[in-house]
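Values reported hereafter were calculated over all heavy atoms of this structure, with side chains retained and with hydrogens, waters and symmetry mates removed. The chains referred to below are lettered A, B, ... by the order of the sequence lines, with proteins before strands, and numbering in each begins at 1.
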There are 4 protein chains.
Amino acid sequence: MIVVMKPGCEESDVRHVVELVQQMGLKEHVIVGTDRTVVAAIGDKRSVDKGAIETAPMVDRIVPILAPYKVASKEIQQDPSSVLIAPGAVIGGARIGVIAGPCSVEDEGLLLEIAHAVKAEGAIGLRGGAFKPRTNPYSFQGMGETGLKYLAKAREATGLAVVTEIMSIDQVDMVSEYADVLQIGTRNMHNFNLLVAAGRTNKPILLKRGWSATLDEFLLAAEYIMNEGNKNVVLCERGIRTHEEYVRNTLPLAIIPAVKRESHLPIIIDPSQGTGHAYMVPSMSLASIAAGADGLIIEVHQDPEHAMTDGAQSITPEVFAKLMQDTRRVAEAVGRTA
Amino acid sequence: MIVVMKPGCEESDVRHVVELVQQMGLKEHVIVGTDRTVVAAIGDKRSVDKGAIETAPMVDRIVPILAPYKVASKEIQQDPSSVLIAPGAVIGGARIGVIAGPCSVEDEGLLLEIAHAVKAEGAIGLRGGAFKPRTNPYSFQGMGETGLKYLAKAREATGLAVVTEIMSIDQVDMVSEYADVLQIGTRNMHNFNLLVAAGRTNKPILLKRGWSATLDEFLLAAEYIMNEGNKNVVLCERGIRTHEEYVRNTLPLAIIPAVKRESHLPIIIDPSQGTGHAYMVPSMSLASIAAGADGLIIEVHQDPEHAMTDGAQSITPEVFAKLMQDTRRVAEAVGRTA
Amino acid sequence: MIVVMKPGCEESDVRHVVELVQQMGLKEHVIVGTDRTVVAAIGDKRSVDKGAIETAPMVDRIVPILAPYKVASKEIQQDPSSVLIAPGAVIGGARIGVIAGPCSVEDEGLLLEIAHAVKAEGAIGLRGGAFKPRTNPYSFQGMGETGLKYLAKAREATGLAVVTEIMSIDQVDMVSEYADVLQIGTRNMHNFNLLVAAGRTNKPILLKRGWSATLDEFLLAAEYIMNEGNKNVVLCERGIRTHEEYVRNTLPLAIIPAVKRESHLPIIIDPSQGTGHAYMVPSMSLASIAAGADGLIIEVHQDPEHAMTDGAQSITPEVFAKLMQDTRRVAEAVGRTA
Amino acid sequence: MIVVMKPGCEESDVRHVVELVQQMGLKEHVIVGTDRTVVAAIGDKRSVDKGAIETAPMVDRIVPILAPYKVASKEIQQDPSSVLIAPGAVIGGARIGVIAGPCSVEDEGLLLEIAHAVKAEGAIGLRGGAFKPRTNPYSFQGMGETGLKYLAKAREATGLAVVTEIMSIDQVDMVSEYADVLQIGTRNMHNFNLLVAAGRTNKPILLKRGWSATLDEFLLAAEYIMNEGNKNVVLCERGIRTHEEYVRNTLPLAIIPAVKRESHLPIIIDPSQGTGHAYMVPSMSLASIAAGADGLIIEVHQDPEHAMTDGAQSITPEVFAKLMQDTRRVAEAVGRTA
C-alpha cells in the first residue's frame, strides 16, 4: 500500500501515518518527493482495512499495490488450470468446451430434443435453468426439482454434462444430486454465503461475473469458493452494464487476456446473455474464441418466439450447427480445436 | 407493448406478429406509418416473456409500455407510505428519519457509546453490521450473533431501532429475534430468495438499491418483498457504479424525485456508501434532504482511523452532531423537520 | 509515479526500470516489499508520457501520484476564486449566482419576456443558445448572429450578463462581441483548440464537464484555458452518462465537495441538462445548493410544449419563481444567500 | 413516436396531446389499452423536437420509433459501402484493411522505418498523429505540418495511404494537402463544425466513436459528414468508458454486428486505444476480425518504452508481423482475406 500525503503536510502528519502503518503490522518507508510525500507500507496483510488511513490528517489517498486474491492468482500457480466437468469433458486446455441448451427447462421432450441436437454438433455440456432468478416476481420462476430430473434424464440419454444454476444455499444439496456443474449467476456473484456453500461441494462451479463487478471482485469471488477447498472453478463473462443501448449488456472480451494474465483459471463466454440479441450470438462467439476463450455457453431453443424465458437471445439448433462449424475453423486458426 | 417492424416488412410478417400477440392473450392494434409499421399489443400480461417476439422475422425491436411493478407503484396507492421502525420512530412523512452507527459492530462498549451519541443528536435508528458482506474472503466477516446481542443491548439502553443486515436466508430468523429492521444490502438486491424470505417476516425491510440496478429493477425487488405480504419497505439509495474515480460510488440523487413520482414507498439515502469518503458525507446528506429524501443512514465511528471496516467513509460523533444541526436547518427550509 | 513490478521480477528488470526513470529526468527510489518490488520515481515532470514504462519487462502497472493540473489546483491557490460575469454579478463567494433562460434563442419578444421574468426573481445571468450543438443534423441549429443580437438587447433591457455557447474557434470573436460569458459545452470539453481560443479572450468562460470526463480531465480542460492567461473559469457540472434510464444524465453532486477540495475554481450546476426532465429541476437545484454549489444554470421557457429545443427539461417562469424562493431558504440554511 | 400517457389521464389530456401532435405536422392514432392510453404519431419529421410533448399534462414519456439517421442507414442503401483510401486500397469488402503506425509522428527516420515494416506485413494505411489531442496541456502536442510532411514522404516511399487526425476546422485544408484519410478522433465525434468541414472535403473520413456515444449518435455523426456530400465514411470503434479498471477503455465488439444491421458503412476497430495495453492488442485484433470487422487500426512503435505518446498500448514491429499472420488465418476462417 502507498499512502499519498497532501501537499503541505507537516512532519507530524507523516509521523502519525507511520504509526498507523506500524499498528497494522506493516513496515513503513517514507519517500519525500518534490511536490509530495508518500509512505509505502510493506508487508502482506490482506485482511486489514487499509482504507481507514484515508481519514488521517493530511492524507490524500491510499493506493493498494498487492492484488487482494491469492489462490486464484498466477502468483500461486503459473500453469493454466483445467476443470473436468464430465468424463472426457474438460474446460481449459487446447479444446474449446461448448455448453448449450435452453435458458429454462420447460418440457422433457423439448429438452431431450435440444440435448441431442447440441450433442450432435459437439457440445460437451447441457445448460438449462430449473431455478430461475427473475427480475419480475410475476415471471416464470422455473420448474424446480422436476426440471432437474429432466436434465438428469437428458444426461443419461446424451452423456452431456448438466450445468444448472443454484440461486440460494438451500438449493445446493438438491441441485448437486442432479447436476454435474453448479452455476452461480451474475446476480449472485456477490452472494458470499452461496459462494462458501459452493466451495464446500465437490462439484465444478461455473462462476459468472457480476454485471458491474471489477476484475478483482470477480477473482475474489472465485477465491471465496477456492478458499473452502473447491479448486474447480470456471470463470464466465456474460456482459456488463454500460450506457450502451443496442445491446442488453456490453460484452467486454478484453477480460479474456486480462484473466489469462492474472489467473490460472479457465474462462468461458456467454454470448447470449452477453448481448441479449440472437443475431449477435454467432459473431460474438467467434470473437470470443479468437480472443482466447476456453469455451462458450450458448442459449439454444427450437422455437425462440415461444420460449418461456430469454427468447430474444436464443438461437435455433440450425444456427447453432452452423456456428459450431465456424467455431471449429476459428479455433484452428488460433491453434486450438473445438 | 409496441412491436416495431423493420422497414420493408411484408404483410405476412405483420400477420405473424399479430398471431404471436394473440397467442399471448393480448389484443393487437396495427398502425401503418410513413416509414414504419408498428403493432401495439393491448392487455395486462406482466408475466409473459414478450421479448421473444423480437426473434420473429422483420421485427426490429420491442418497446414495453407498462411498468412491470404493481404494488410498489402509485397506480395502486397515491398517498406516500410511511414505515414504523420502532415505537414513535417513523420513516416517511414530514420528519426526516436518521439512522446512524458504525459500519460493523466491533465491541460492546464502543457500540453503546456511539448509540448514546447519535441518539442525543436526534437519530431514531442504530445501524451496525453483525454479518458483513465482504468482497475479500480474508477480511473481517462480522461478529455474528454476538454482534446482534450488543445491538439489542444498545436498543434497550437508548430506545433506538436496530437496523442490521441479513445476507442469507438462514440468517433471517436469528436476526429477526434481535433487530427492528432487516437490511438487504446492495449486493443482495437481486438475491430473490432472500427478498422472498424477508417478505415473509413481519419486520420492516430496508432495501438498498443494487449498485447497477435500474429504477424498475429496484422497485421490482421491493415488489418481491411486498408480494409476500410485507408492505413495510423502505428504499435506500447507496450509489451506483460509474466511470467516476473521485468517489467509490456515484450518488444519483435524482432518484429521489423519480421514486416519488413512480412509487408510494419512502426513500432514504446512504451518503457514506454513496460516496466512500467521510469528507463528502455532510454535503451529500444535506443535498439528500434538500432533494426530498425521507431520511439518511450514516456511518459514525469514534475512531475512523482504526475502524475494522469502512473507516474511510465514517464520520466522528462530533461531525455527526454538527451535521444534525445543519440537517435540521435544511429540512426546515424545504418544509420538513429533523 | 510508482512503478509496480510483477511478482518474480529479476534484479535486472528493476535496473532497467530505474534506467528508464532516470532517462525521464526523475530520481528513483526502489522499495523491495514482501511480495512486490516497487520503484518510486521522484520529480515533477508533468509533460513526460510515463505510461510507456508499462511496456518494460516485468512491469505490472504504473500508478501516478501527482495531480496532472497545476494552476487550477489548490496547491497554487488556497482561497476560492470568484468570477465577475457582469458589473455586480459574481460567481463564487457567499451569494449563489443563478443563470436562467431558454435553451435556444427563438424569438426576440419571447427572449425579452423570459429575461425580465428571471431578472425579477433574482437571476444574474441570461442563458440562451445562438449556436446549438445538435446531435441530429436535421434539427434546428440555432439563429446564429441574429440570436446573439437579441441576447445583447435583452442585456441592455435587464442588465443580466449574457451567457452563450461557442462551438467552434471561428465563432469566438463574433460571440465575444455580444456575450459576457462564453460557454463551452459538454461535447466540446475535449475540443482543445477551442479551449485554447477561449483562453486567449478576456471573457469569463463557463466550462461544462464532458459527460464522461473524469475530474482530472475536467480540471485539465480548465488548465488549458488558464494556461493561456485567462483565469476566469467557472466550472459547471451537467450530468454524466451512466446505465440509468429514468434520467437523460446522472447528476453526480459529490463533484461539488470534490472540486472544492482539489481546486479554487467556482462550480455551478445545470439541473436541466443534468436530469433531462423538468419535474426534477426544482429538487436537484435545491440539492445542489445544499451540497455547496456556487450557482445554477437553468432552462426556463414560457411554453415548454412548443420550445424548439429541450422542451422536456425546461421549467416555466412560474416554477422558476417558486424555485428561487426555495433556493433562498436553502441557501440561508447553509450559510449563504441567493 | 409513441406518447405514453400516465394512468388516470382524462380525455382532455389526450385531446391536448393530439393537438400537439397535429401541430408538429404528424397524424395521431389513439390507442386505449387496459391500463394505459398511448398516442402514436405518424409521419416523418426528423427535425422536430418531439421531446417537448413530455411536459404536457399527464404525459408519462415519449418513445421514438424512427431511427434519427437516414443516409447512413440501410433504409437508403442495403448493400455494404466500401471506401477507397488509396489506389488499390479499400476498406469494406472481402479483404481486411489494416492501418498501422506510431501514435505520433516523432521523427522522419523512425516513421519511415515503421512504414516499411508495416507495409511489408500487408498494411494498406499508415497512421501517425501530427496534431495530437492531449488531455494535458503540458504534454507533447504533435509536430504539426512537419509531421505531415514526414507522413507524405513515407507514402511516397511505401505507397501506404496516410491516415492522420484533424482536431479543428482550421487544420482541414492543410491536413488535406498531405493526407489520404482525415481522421476525426473520439473527443471530436460531437464537434459538429468539424464534421461539417470534413463533409465538405473530398477525402475519406475515418470517424471514431465518441467514448460514451450511443450507436445512434455515432451514425448521426456520420450523417453530418454525409449530409454535406461526402459519402466516404469509415466508422471506427475505439472503446468506451465504463467502470472497468483492467483496461483504459472497454472494447464493445458487438457494435460490429449492430452497425452491419443498421448501416451500410464499413467499420474498423482500434484495439490499441480500445484496450490501452499492448499485451491485449493481438487477441482483440483477432476477435475483431472474427466478429466481422472490415479492418484494424493499430499503434506500432519500434521502442514503445520511449514512445512520446501511448507507449503503453503500442506493439513492436515483431509483434505486428506475427499478428498479421494470425489475422490472415482468422480472416480465412470467417471467409475473408487479409
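For A:Ser288 (side chain) and A:Met284 (main-chain N/O), a donor-acceptor pair under 3.5 Å exists by modelled atom type. The backbone N or O of D:Gly93 sits less than 3.5 Å from a side-chain atom of D:Arg336, completing a donor-acceptor pair. Listed for the A:Glu121 side chain is no donor-acceptor partner under 3.5 Å among the backbone atoms of A:Met324. Of the possible donor and acceptor atoms, one in the side chain of D:Thr186 sits under 3.5 Å from a partner among the backbone N and O of D:Trp211.
In this structure, chain A has a heavy atom under 4.5 Å from the backbone of D:Ala213, while its side chain stays farther away. There is no contact between A:Arg328 and chain D, counting heavy-atom distances below 4.5 Å. In this structure, chain D has heavy atoms under 4.5 Å from both the backbone and the side chain of A:Ser212. Interface remark: A:Leu251 contributes backbone atoms only to the contact with chain D (heavy atom separation under 4.5 Å). With a threshold of 4.5 angstrom between heavy atoms, A:Ala331 does not approach chain D through any atom at all. With a threshold of 4.5 angstrom between heavy atoms, A:Val334 approaches chain D through side-chain atoms but not through N, CA, C or O. Only the side chain of A:Thr250 comes within contact range of chain D, with heavy atoms under 4.5 Å apart. Heavy atoms of A:Ile256 lying under 4.5 Å from chain D are absent altogether.
Look at A:Asp294 and A:Lys260 and you find a salt bridge, because one of the NZ, NE, NH1 or NH2 atoms lies within 4.0 Å of a carboxylate O, short of that distance. Electrostatic pairing of D:Arg127 and D:Glu299 counts as a salt bridge here, judged by a charged N lying under 4.0 Å from a carboxylate O. Looking at D:Lys6 and D:Glu54, no side-chain N of the basic residue comes within less than 4.0 Å of a carboxylate O on the acidic one, giving no salt bridge. A:Arg95 has no carboxylate O lying under 4.0 Å from a charged side-chain N of A:Glu332, or vice versa, which leaves the two without a salt bridge.
Residue with the most contacts toward chain A among D:Ile289, D:Val330, D:Ile240: D:Ile240 (heavy-atom pairs, distance under 4.5 Å). By number of non-hydrogen pairs under 4.5 angstrom with chain D, the leading residue of A:Ala291, A:Pro252, A:Ala254 is A:Ala254. Interface summary for chain A: among D:Glu262, D:Arg329, D:Arg241, the most heavy-atom pairs under 4.5 angstrom belong to D:Arg329.
Heavy-atom proximity under 4.5 angstrom to chain A picks out D:Thr275, D:Tyr279 from residues 266-279 of chain D.
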**Request:** Evaluate side chain to side chain contact (heavy atoms under 4.5 Å, CB included) for A:Gln77 paired with A:Val71, printing each intermediate quantity in order.
**Result:** CA-CA 8 Å; A:Gln77 182 186 323; A:Val71 288; over 6 Å; no
**Request:** Would you please test D:Ile297 and D:Cys236 for side chain to side chain contact (heavy atoms under 4.5 Å, CB included) and show each step?
**Result:** CA-CA 9 Å; D:Ile297 179 164; D:Cys236 179; 3.9 Å; yes
